[in-house]
Amino acid sequence: VSLVWLPDEAMVYQRQYASDHAMEDTCLECDLYLDYGQGFNEDNKMISHLQLEQCRGTVQFELNRFADRLSGIRFDPGHDAIALCHISAWGCSSAGDWKELDFESSAAVTQYNGTLLFGADPWVQFTLPRGGIDVIKIELKMKARGRELIELLIEIAQKVATLESARLK
C-alpha cells in the first residue's frame, strides 16, 4: 500500500485543525445511511451525535419502522478525516437477540498497524444479518483526528520514508 499522499494530506489538515483542542472527550456528528435497494443517499439517513470519552464511544439507532426492505447500512463516523483503531456494529433482532455484524467495506485510505485511516469522508459498511434488525449499536475507539491525526500522519510518513530509504541502500 502506497503512503506517498501522507505529507500533503498532513499539511491540509494542519491548516484546517491548527487550533483544534484535545480530542479525548469530544462529540462527533455521525450518520447512519439506510439502503433500500437503490444505494445510499442523503434522503435515507439517520443523524446522531456520538459522545467520546477517552476516545471511546457508542451510538445506537432505533430502526424499527425503517427496517422493512432494508438491504444495507453504512455508518459515517463524522465528516472529517479520522483514524479509528476499533469499530464494530451489533444488531438486535425483533426477538431481542444481539449479533455482531460483519464488516463489509470502508472508505479507509489505508490500514496501518491495525488502525484505519480515513480521508475527509469516512464511512464503514456492515452486512445485515438474515431476518433483519430493529436496533443497531456502533462502538468505536478513535486513535486520532485534528491535530493528533496530523501528528500520526507525519509519524507514519517518517516511518515509511525510513523503511524505503533502508530498502534502497
Side-chain angles (χ1 to χ4, degrees), residues 1-35 39-40 45-61 72-91 98-129 136-169:
V1 176
S2 174
L3 299 177
V4 175
W5 61 271
L6 288 173
D8 291 338
E9 288 288 312
M11 296 307 294
V12 169
Y13 294 115
Q14 185 174 22
R15 284 191 295 275
Q16 181 176 352
Y17 293 106
S19 63
D20 212 14
H21 48 73
M23 66 166 190
E24 282 193 7
D25 296 328
T26 190
C27 187
L28 299 175
E29 183 177 306
C30 55
D31 305 317
L32 183 71
Y33 284 85
L34 309 173
D35 180 9
F40 300 107
K45 76 175 181 180
M46 301 172 83
I47 301 170
S48 187
H49 290 89
L50 174 57
Q51 183 64 43
L52 298 179
E53 294 179 15
Q54 297 183 342
C55 298
R56 295 178 182 269
T58 302
V59 63
Q60 187 166 302
F61 296 90
I73 53 171
R74 188 185 91 192
F75 177 70
D76 290 21
H79 304 286
D80 296 311
I82 192 169
L84 301 176
C85 51
H86 170 79
I87 185 163
S88 63
W90 295 80
W98 286 93
K99 179 182 189 304
E100 186 169 12
L101 304 183
D102 292 331
F103 177 91
E104 190 170 311
S105 62
S106 79
V109 177
T110 191
Q111 182 176 348
Y112 183 78
N113 286 343
T115 298
L116 294 172
L117 298 172
F118 293 90
D121 185 21
W123 57 264
V124 178
Q125 190 171 339
F126 295 97
T127 303
L128 289 172
I136 183 169
K137 178 172 60 173
I138 311 278
E139 300 172 343
L140 66 80
K141 182 174 183 201
M142 180 175 64
K143 177 146 180 121
R145 77 174 198 138
R147 184 174 296 188
E148 289 82 6
L149 181 58
I150 296 163
E151 293 168 5
L152 178 63
L153 293 173
I154 291 169
E155 175 187 325
I156 293 170
Q158 289 170 338
K159 286 179 181 177
V160 169
T162 300
L163 290 172
E164 187 65 18
S165 176
R167 187 182 70 81
L168 295 174
K169 287 184 180 181

Taking the side chain as every heavy atom from C-beta outward, state whether [X] and [Y] have any pair of such atoms under 4.5 Å apart.
X	Y	value
Val124	Phe126	yes
Phe75	Ile136	no
Glu148	Leu152	no
Leu101	Ile73	yes

Can you sort out the partners of Lys141 under salt bridge (charged side-chain N to carboxylate O under 4.0 Å, His left out), two or more places apart, ordered by chain and number? none
For Asp76, salt bridge (charged side-chain N to carboxylate O under 4.0 Å, His left out) partners two or more places apart: Arg74
Interatomic distance, [X] atom [atom1] to [Y] atom [atom2] [nearest 0.5 angstrom]:
X	Y	atom1	atom2	answer
Cys85	Arg56	SG	CZ	7.0 Å
Trp123	Tyr33	CH2	OH	12.0 Å
Tyr112	Glu155	OH	CD	6.5 Å
Leu50	Thr58	CG	OG1	7.5 Å
Ile138	Gln60	CD1	CD	10.0 Å
Asp80	Leu28	CG	CG	9.0 Å

For [X] against [Y], the heavy-atom pair lying closest together:
X	Y	value
Cys27	His49	SG-CB, 3.5 Å
Val109	Gly119	CG2-N, 3.6 Å
Leu128	Gly72	CD1-N, 3.5 Å
Asp121	Ala107	O-CB, 3.7 Å
Met142	Leu84	CA-CD2, 3.9 Å

Do the side chain of Ser165 and the main chain of Ala161 share a donor and acceptor less than 3.5 angstrom apart? no
After noting the C-alpha distance and the side-chain angles of Val59 and Leu140, does the key distance pass the side-chain contact (heavy atoms from CB on, under 4.5 Å) rule? CA-CA 9 Å; Val59 63; Leu140 66 80; over 6 Å; no
Who passes side-chain contact (heavy atoms from CB on, under 4.5 Å) against [X], sequence neighbours left out?
X	result
Ser88	His86, Trp90, Glu100, Glu139
Glu104	Gln125, Thr127
Pro122	Pro77, Ile82, Phe118
Ile47	Glu29, Asp31, Lys45

